[in-house]
Q: 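Dropping the structure in here first, questions after.
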There are 2 protein chains.
Amino acid sequence: MTSIKDIAKRAGVSVSTVSRALNNYQDVNPQTREKIIQLARELNYFANAAAKSLVQKRSYTIGVFFGDQMNSGFDHPFFLEVISAVREVAGNAGYDLLIFTNSNKNRATYTTLCRERGVDGVFLILTGEGKKKNEQLVELQESGIPCVAIDLPLEGERCSYVESNNYLGAKKAVNYLLGLGHKKIAFIGGDEIGKLSFDRLYGYKAGLSEGGIEIDSDLVNLGYFSEEKTKEATKTVLNKHKDITAFFVASDSMALVVIETLIENGYRVPEDISVIGFDDIKEASQHKPALTTVRQSKYVMGSEAIHLLMKIIDEATYRPYPVVVPCELIIRETTAPCKK
Amino acid sequence: MTSIKDIAKRAGVSVSTVSRALNNYQDVNPQTREKIIQLARELNYFANAAAKSLVQKRSYTIGVFFGDQMNSGFDHPFFLEVISAVREVAGNAGYDLLIFTNSNKNRATYTTLCRERGVDGVFLILTGEGKKKNEQLVELQESGIPCVAIDLPLEGERCSYVESNNYLGAKKAVNYLLGLGHKKIAFIGGDEIGKLSFDRLYGYKAGLSEGGIEIDSDLVNLGYFSEEKTKEATKTVLNKHKDITAFFVASDSMALVVIETLIENGYRVPEDISVIGFDDIKEASQHKPALTTVRQSKYVMGSEAIHLLMKIIDEATYRPYPVVVPCELIIRETTAPCKK
DNA sequence: TAAATTTCCGAAAACGTTTTTGGAATCTGT
DNA sequence: ACAGATTCCAAAAACGTTTTCGGAAATTTA
């Protein structure tokens, strides 16, 4: 490994001059600089990031936590697309991404892990269980480490989050169903702990209310983003309400299960019952019939999140606020006018 | 940030003693050690990774390159599952993952990027264009940096790769088709540059030969893993050979396109024509009808790859060899006995 | 031409660790 | 009680940078 010393020796100057030359300081003779740059190229020199970060206290690295604390894997519903955006824009700004593996050997917290690695900021994209606000999250929030989360209401001096407009998205779905003439609309929600689940439920209720429909709490059931629970919830609704004509489901993956269950029970989609999902995952458009759904702009979310994070990193005085990304209703084949 | 110095001061010992105490050296008095550990806990101390890696020349970080050089994104067909395995086993061994963003600002190569960040090893999972062996790959291969790739035949002192047994997998598919009585079996391949594509083609040919069927090069077409090209290739076959009864396709995503095209042209799957894919991506099982395919064990591939990499890192004398993971034929609904 | 200014560069400290070396203190055996 | 062995620890160098400070040389100004 060729170091700054090697260059200094060859160029006949001091290491400090080499450093200044390579970092575009102004107080260095153009010819000297040229010689040094030339030498650096020849010797295939690249600065040692560890040494740099040691003195600068800047690593040009963004830490990423995802999945839950149990290290269960890359199972966020749209982890891929979000992280892809993050990677792209962070990359253009000169950052690399450090994926924490949560090695369970040492029981370090988010905060200590970040400090240990010296990341400039941290990006959180957690699933289910991770979303319970726990001490670790609070610690991180108060640590002063710049941090941005997806779908997880973090707020602090240097903390913020990005989410979809789940409330309005849900309302759009319900409005559309109402416009098709549906009156008995069941809701299969997520869980009781996530803000996201709450907002979608709230949007559902608001949509119905504004449409002049009374809310029947029997029509609201939770699927917990799990296949079995969703199936169960669907059956519960079906048994109690033979006259149901539409389902609004809080995630596409659950919506697909709902459709499956419906078909197993002899219903046709959308002829007998309409179904709307949420997320617009890949499978939604590939499914037969293609799923009508509320699309989350995953790329936009990722991009907004990382821009936000970089702003927090760069501007010491910036006081961040949450970013709410609009949703779009994507009409496909699982919705039809109500016949009853 | 509390450093080793703070602890030393408080404990009334030297920094070297603190370091030795914390790193389980034997020549330190049990009581001293206890006091130091206690203090470290109280002060919430964690070692600065940069400083550590500077002196140790070990970062406990594994670099990850994925996508092509154009920074096109996380588009490897099963990036997620492989990287999930990598993360899990690397995490248990104490490594974090550094995702290189290929910031195109500086035109650094794989090798310099790795040296700069001081990663202990590097993991490559590239798509299409990245697979052309280029100078960067050669440089990396010869750099002495431990490195393991997926589906990319890297070989060197400290380099290796993991792949599926594409040859045998393809043969299994053809054998199965032959067993169902099919004699006219078309092949939609990938491209001309990947070893993977070559092996699958070779397996197809071997399968036919062993079954006593003459190979008709008209039946072999490439889809280049693209929707349009695949559609085109399918139509070409269909036009020339009205009597075709089965397609073996080199990837699931292409197989799905083939099926779509078949249906558009009035064929039924599997009643008129059987189709077998390759990969077993998520959509394969969810498709109606569910796709018969050759499954690649993605988790196993990732796990084997990272184990291999860690072995190369740890054992200076270890001369690595490629790991070939078996494929499994998953019989679903797109294959049926030949009626002709 | 002397003084003032500017241009350019080197020395050295600092970042937070690990690791080598040597030595003081204690312990062991005789 | 003395030599030798053992136990424990401190000092210091090293890793590869950046950055501050000051100063010599060159240039400008008066």
Side-chain angles (χ1 to χ4, degrees), chain A residues 1-37 39-40 43-61 94 106 108 112-120, chain B residues 1-37 39-40 43-61 94 106 108 112-120:
Chain A
M1 276 298 74
T2 119
S3 85
I4 218 174
K5 278 185 196 164
D6 304 318
I7 299 183
K9 206 164 291 174
R10 292 249 208 158
V13 298
S14 73
V15 292
S16 50
T17 300
V18 176
S19 175
R20 283 197 309 265
L22 259 19
N23 289 292
N24 286 319
Y25 278 62
Q26 281 322 301
D27 59 344
V28 39
N29 187 300
Q31 294 169 26
T32 315
R33 180 195 306 280
E34 211 32 68
K35 195 203 300 183
I36 290 173
I37 290 181
L39 232 28
L43 299 180
N44 202 11
Y45 168 82
F46 270 85
N48 178 310
K52 214 165 166 168
S53 108
L54 193 56
V55 32
Q56 288 193 143
K57 270 126 183 37
R58 200 60 201 274
S59 62
Y60 288 95
T61 295
N106 51 2
T112 49
L113 250 12
C114 286
R115 296 223 191 280
E116 197 173 341
R117 288 290 190 175
V119 298
D120 297 336
Chain B
M1 277 299 71
T2 118
S3 85
I4 219 173
K5 278 185 195 166
D6 305 318
I7 298 183
K9 207 164 291 174
R10 291 249 210 159
V13 299
S14 72
V15 292
S16 51
T17 300
V18 176
S19 174
R20 284 197 312 267
L22 260 19
N23 290 294
N24 287 319
Y25 279 62
Q26 281 322 301
D27 61 343
V28 40
N29 187 300
Q31 293 168 28
T32 314
R33 182 196 304 278
E34 211 32 68
K35 194 203 299 185
I36 290 173
I37 291 181
L39 233 28
L43 299 180
N44 202 11
Y45 168 81
F46 272 85
N48 178 310
K52 214 164 165 171
S53 108
L54 193 55
V55 31
Q56 290 193 144
K57 273 130 180 36
R58 203 57 204 273
S59 63
Y60 288 97
T61 295
N106 51 4
T112 50
L113 251 9
C114 286
R115 296 222 192 281
E116 197 174 342
R117 288 289 190 175
V119 298
D120 298 336

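Throughout, protein chains are lettered first and strands after them, A, B, ... in sequence-line order, and every chain is numbered starting at 1. Computation of the quantities below employed the complete heavy-atom set of this structure, encompassing side-chain atoms and omitting hydrogens, waters and symmetry-equivalent molecules. A quick note: this is a predicted structure, and the numbers were derived from the prediction, not measured.
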Q: Quick check against the 3.5 Å criterion: does A:S59 have a side-chain atom that pairs as donor or acceptor with the backbone of A:S53?
A: no

Q: Considering heavy-atom distances to DNA chain D, does A:A50 or A:R20 have its closest nucleotide positioned more toward the 5' end?
A: A:A50

Q: To the nearest angstrom, how far is B:Y25 atom OH from D:dT7 atom C1'?
A: 17 Å

Q: For A:R33, is the CZ atom crowded, meaning more than 12 foreign heavy atoms sit under 6.0 Å from it?
A: yes

Q: Which part of the nucleic acid does A:N29 contact within heavy-atom distance under 4.0 Å: base, sugar-phosphate only, or nothing?
A: sugar-phosphate

Q: Grab the CD-C1' distance between A:Q56 and D:dT20 for me, whole Å please.
A: 15 Å

Q: Using a heavy-atom cut-off of under 4.0 Å over every strand shown, decide if A:T32 touches base, sugar-phosphate, or nothing.
A: sugar-phosphate

Q: Hey, which of these two, B:D27 or B:L54, hits DNA chain C nearer its 5' end, going by closest nucleotide?
A: B:L54

Q: Does A:Y45 reach the side chain of A:I4, with side-chain heavy atoms less than 4.5 Å apart?
A: yes

Q: In terms of heavy-atom contacts, does OH of B:Y60 have more than 12 from other residues, nucleotides or ligands at under 6.0 Å?
A: no

Q: Under 4.0 Å, counting only non-hydrogen atoms across every strand here, what does A:G12 touch: a base, just sugar-phosphate, or nothing?
A: sugar-phosphate

Q: Mind checking if A:S3 touches a base, just sugar-phosphate, or nothing, with heavy atoms under 4.0 Å?
A: sugar-phosphate

Q: Any side-chain heavy atom of A:T61 within less than 4.5 Å of one from B:R117?
A: yes

Q: Applying a 4.0 Å non-hydrogen cut-off, can you work out what B:N48 is touching in the nucleic acid: base, sugar-phosphate, or nothing?
A: sugar-phosphate

Q: Which nucleotide of DNA chain C is the first, and which the last, in the 5' to 3' direction, to come under 4.0 Å of a heavy atom belonging to chain A?
A: C:dC8 to C:dG16

Q: Indicate whether OP1 or OP2 belonging to D:dT18 is found under 4.0 Å from a side-chain N or O atom of A:S19.
A: yes

Q: Can you tell me how far apart OG1 (B:T2) and CD1 (B:I7) are? Round to the nearest 0.5 Å.
A: 5.0 Å

Q: As an exercise, state the distance from CE of A:M1 to CG of A:L43, rounded to the nearest 0.5 Å.
A: 10.5 Å

Q: Closest nucleotide of DNA chain D for B:Q26 versus for A:K5: which of these residues is on the 5' side?
A: B:Q26

